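The structure appears right after this line, and notes come after that.
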Number of protein chains: 2
Amino acid sequence: MTKSRTNSLDFLSGLELMIDSYQGKEQIFGVNLNPAIVRLSCEEGCVKVIEMARRLGVTADTVRFYTRIKILKPGKNKANGYREYSEKDYNRLRFVLSARQLGFSVEDIQEILNHADNKKSPCPTVRRLIDQRLHETERQLRETLKLRDRMQQAVLEWSQKPDKAPTGHMLCHLIEEFTAEERL
Amino acid sequence: MTKSRTNSLDFLSGLELMIDSYQGKEQIFGVNLNPAIVRLSCEEGCVKVIEMARRLGVTADTVRFYTRIKILKPGKNKANGYREYSEKDYNRLRFVLSARQLGFSVEDIQEILNHADNKKSPCPTVRRLIDQRLHETERQLRETLKLRDRMQQAVLEWSQKPDKAPTGHMLCHLIEEFTAEERL
DNA sequence: CTTGACCTGTGTCTTGGACACAGGTGTAAG
DNA sequence: CTTACACCTGTGTCCAAGACACAGGTCAAG
């Protein structure tokens, strides 16, 4: 019953301090639970939304978002309606955040999770999707690069040009002359 | 009255073929208009939305969009309610498209146009805004670059790894192991 | 007269959350 | 006990720059 006792909370990777807030609940995700206390407060292991968010370094809104679109399916405390996130939800969310870091869209992730939920290997899908996303990212990169070069070129050229008032058919000579000479 | 006759349509930069559709209207944006015809069909020079769009190589939806947010203020044919885009609208839209090419947001453009509409030089605003946007674009570029590198690295590493079925706490070993080793 | 191409205004969709709001809950202090 | 405050819920809206849909009006050709 001490902090040093190992239990399923190990998945929390070193954030032992928050165990303080669970004193008196025996174990959270382990066995040996006191049924009376558990049923009242936290059915088979729970954390609330803000705690879940903090553990993975995101906002509560992010956790709520993934709950809303049903990527996370927390239980619900009958007494007060609060959501109860389990270790399974923690693993899912950690996975989702990892996948987002790799450029997968939320829709991609839902597809991947569908495979995993049906015990099928999501790996072929993952390989196919990252190929797509990589191509898109490379295209995006080229476009952003071209845009940056245009912008830098504009700043450079404009540094030699004076301000002018607009005329009938020229609203801003900086912008319009720059674009015009681009066409040469 | 022939196609070779020069008039204000010159601003259409070489797209002479569509003058065919204006036969009988005398000149469109010039002088020497036949008042009777003009008042009936097209008050002091007009093109309709699809024609305007085609001339600048965008979709009719884009023209409608800028009309909706009041960057373009076409006249309105009393008889049929059709919008009538003038040379002024053409110049504005051309300006807008140029500015978009330089990374200005629509809101930026509205600010710039406000200056121009009040006969004030928009140039100081333009210089300030492009500095901002350039910084943002550079940040964006760095992020996209990092993302691409992560993705390429993942594809490379995954090429040596087999597919696996999901386990209790590992939904996709490719993604989760990749992210995990990133933290080293 | 019908067909088809065009026009209108309006509303909704896209991404990945962020923010707002009304109302319920839990807890510690006064 | 009351009050304050932090937290929770669901729902709705917002962002950018258009794209798309839809119901209904217009117009010229066959």
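Everything numeric in this text was worked out from a predicted model, so none of it was measured. Numbers restart at 1 for each chain; the letters A, B, ... are given by sequence-line order, proteins then strands.
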Distance check needed: [N] [atom2] versus [X] [atom1], whole Å only.
| X | N | atom1 | atom2 | value |
| --- | --- | --- | --- | --- |
| K76(A) | dT25(C) | NZ | P | 12 Å |
| N77(A) | dG24(C) | CG | P | 17 Å |
| D108(A) | dT15(C) | CG | P | 10 Å |
| F65(A) | dC19(C) | CZ | C1' | 14 Å |
| Y66(A) | dA18(C) | OH | C1' | 13 Å |
| L56(A) | dG17(C) | CG | P | 13 Å |
| K78(A) | dT25(C) | NZ | P | 16 Å |
| L72(A) | dG17(C) | CG | P | 12 Å |

DNA chain D contacts among residues 142-149 of chain A, heavy-atom distance under 4.0 Å: none
Those residues of residues 133-141 of chain A lying under 4.0 Å from DNA chain D by at least one heavy atom: none
[X]: which residues meet the salt bridge (charged side-chain N to carboxylate O under 4.0 Å, His left out) condition with it, sequence neighbours left out?
| X | answer |
| --- | --- |
| R142(B) | none |
| R64(B) | D61(B) |
| R92(B) | D117(B) |

Would you call E143(A) and R148(A) a salt bridge, taking side-chain N to carboxylate O under 4.0 Å as the test? no
Check K73(A) with D89(A), please: is the shortest side-chain N to carboxylate O separation under 4.0 Å? no
Could you tell me whether the side chain of Y82(A) has a donor or acceptor atom within less than 3.5 Å of a complementary atom in the base of dG26(C)? no
Got a donor-acceptor pair under 3.5 Å from the side chain of R68(B) to the base of dG11(C)? yes
Just checking, any donor-acceptor pair under 3.5 angstrom between side chains of E157(B) and Q152(B)? no
Assign each of N80(B) and R100(B) to its nearest nucleotide of DNA chain D by heavy atoms, then name whichever residue's nucleotide is nearer the 5' end. R100(B)
So how far is it from T137(A) OG1 to R150(B) CZ, rounded to the nearest 0.5 Å? 10.0 Å
Distance in Å, F65(A) CZ paired with T59(A) OG1, rounded so as to fall on 0.5 Å steps: 11.0 Å
Within the 4.0 Å heavy-atom criterion, would you say R64(A) contacts the bases, only the backbone, or no part of the nucleic acid? base
Over all strands shown, is D61(B) touching base, sugar-phosphate only, or nothing at heavy-atom distances under 4.0 angstrom? base
H135(B) vs R139(B) side-chain heavy atoms within contact, under 4.5 Å: no
Can a side chain N or O of T62(A) be found less than 4.0 Å away from OP1 or OP2 on dG16(C)? no
Given the rule in the side-chain contact (heavy atoms from CB on, under 4.5 Å) test, do C123(B) and H173(A) qualify, once you have shown the distances and angles that lead to the verdict? CA-CA 8 Å; C123(B) 299; H173(A) 74 113; 3.8 Å; yes
How far apart are the C-alpha atoms of Q140(A) and E136(A), what are their side-chain angles, what is the distance that settles it, and do they pass the side chain to side chain donor-acceptor pair (under 3.5 Å) test? CA-CA 6 Å; Q140(A) 167 80 30; E136(A) 289 170 17; over 6 Å; no
Taking all atoms of both residues into account, what is the closest heavy-atom pair of A60(B) and A53(B), and its distance? N-CB, 3.6 Å
Considering only heavy atoms of chain B and a distance under 4.0 Å, specify the first and last nucleotide of DNA chain D in 5' to 3' order that meet this criterion. dA17(D) to dC27(D)
